[in-house]
Amino acid sequence: VQLQASGGGLVQPGGSLRLSCAASGFSLDYFSIAWFRQAPGKEREGVSCISASGSNTYYADSMKGRFTISRDDAKNTVYLQMNSLKPEDTAVYYCAARDQNDVCGFFGIAPRSFGSWGQGTLVTVSS
């Protein structure tokens, strides 16, 4: 199981970025996928999650209304559209997979629920 996160970069406050999480060597069809982030000196926190079916999506409170998670199983990729970015969104963003349909529905967006992780992509929000 290999996941590749990409799309990070430097953006001004109020700007947008779209992160991608691409899978290789396996199909994402049966996997819940989550995004996490970790800022310097802070614990890793859950950002958003999507069920394997795509029917259920979850967001941390501070991301609701600003971030949108989606999946394109034909491209074997999950996206995180981030709008209205704030300096406090600065962090390394990671995607993770779990072969269960709706793991976040049961356990929330919890790092311990996910066993397969991609490398992170850095998002910096600064003027």
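Nearest heavy-atom pair across Tyr79 and Asp72 is CE1-CB, 3.9 Å. When all heavy atoms of Thr90 and Ala39 are compared, the closest pair comes out as O-CB, 3.7 Å. Annotation for Cys21 and Trp35: closest pair CB-CZ2, 3.5 Å, computed over non-hydrogen atoms. Residues Arg71 and Leu28 come closest through the heavy atom pair NH2-O, 2.6 Å. The two residues Pro87 and Pro13 make their nearest non-hydrogen contact at CG-CG, 4.2 Å. Closest of all the heavy-atom pairs between Ser20 and Thr77 is CB-CG2, 4.1 Å.
Side-chain atoms of Ser48 do not come within 3.5 Å of backbone N or O of Ile69 as any donor-acceptor pair. Between the Asp73 side chain and the Ser27 main chain, no donor and acceptor come within less than 3.5 Å of each other. A distance-only check finds a donor-acceptor pair linking the side chain of Ser51 to the backbone of Asn56 [under 3.5 Å].
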Report task. Assess whether side chain to side chain contact (heavy atoms under 4.5 Å, CB included) is satisfied between Cys95 and Val78, documenting all intermediate values. Result -> CA-CA 9 Å; Cys95 59; Val78 171; over 6 Å; no

Report task. Take Asn101 and Ser53 through the test side chain to side chain contact (heavy atoms under 4.5 Å, CB included) and record every step on the way to the result. Result -> CA-CA 7 Å; Asn101 178 39; Ser53 66; 3.7 Å; yes

Query raised in the report: Does the pair Val103 and Tyr58 meet the rule for a side chain to side chain contact (heavy atoms under 4.5 Å, CB included), with working shown?
Result: CA-CA 11 Å; Val103 62; Tyr58 305 89; over 6 Å; no

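Remark: Ser6 OG to Leu19 CG distance equals 7.5 Å, nearest 0.5 Å. Summarising the geometry, atom CD belonging to Glu88 is positioned 8.5 Å from atom OG belonging to Ser62; distances are rounded to the nearest 0.5 Å. Taken to the nearest 0.5 Å, the OG atom of Ser24 stands 4.5 Å off from the CD atom of Gln2. Considering OG of Ser70 and CD1 of Ile33, their distance stands at 12.0 Å, rounded to 0.5 Å.
Pairs of residues two or more places apart, or lying in two chains, that qualify as ring-ring contact (aromatic ring centres under 6.0 Å, His included) and include a residue from residues 103-125 are Phe36-Phe114, Phe36-Trp117. Residue pairs meeting the salt bridge (Lys or Arg N to Asp or Glu O under 4.0 Å) criterion with at least one member in residues 16-39, sequence neighbours excluded, are Arg37-Glu45, Arg37-Asp89. Within the structure, salt bridge (Lys or Arg N to Asp or Glu O under 4.0 Å) pairs that include any residue of residues 96-113 do not occur (at least two apart or interchain).
Counting non-hydrogen atoms of other residues, nucleotides and ligands closer than 6.0 Å to CD of Glu43 gives a total of 12 or fewer. A 6.0 Å sphere centred on CD of Gln119 holds more than 12 heavy atoms belonging to other residues, nucleotides or ligands.
Both Met63 and Met82 belong to a single network of hydrophobic side chains, linked directly or stepwise wherever heavy atoms of I, L, V, M, F, W or Y lie under 4.5 Å apart. No continuous path of ILVMFWY side-chain contacts below 4.5 Å connects Leu17 to Tyr94, so the two sit in separate hydrophobic clusters.
Residues Ile109 and Val47 form no side-chain contact, since every pair of their non-hydrogen atoms from C-beta on lies 4.5 Å or further apart. Counting heavy atoms from C-beta on, the side chains of Val11 and Ser16 never come closer than 4.5 Å.
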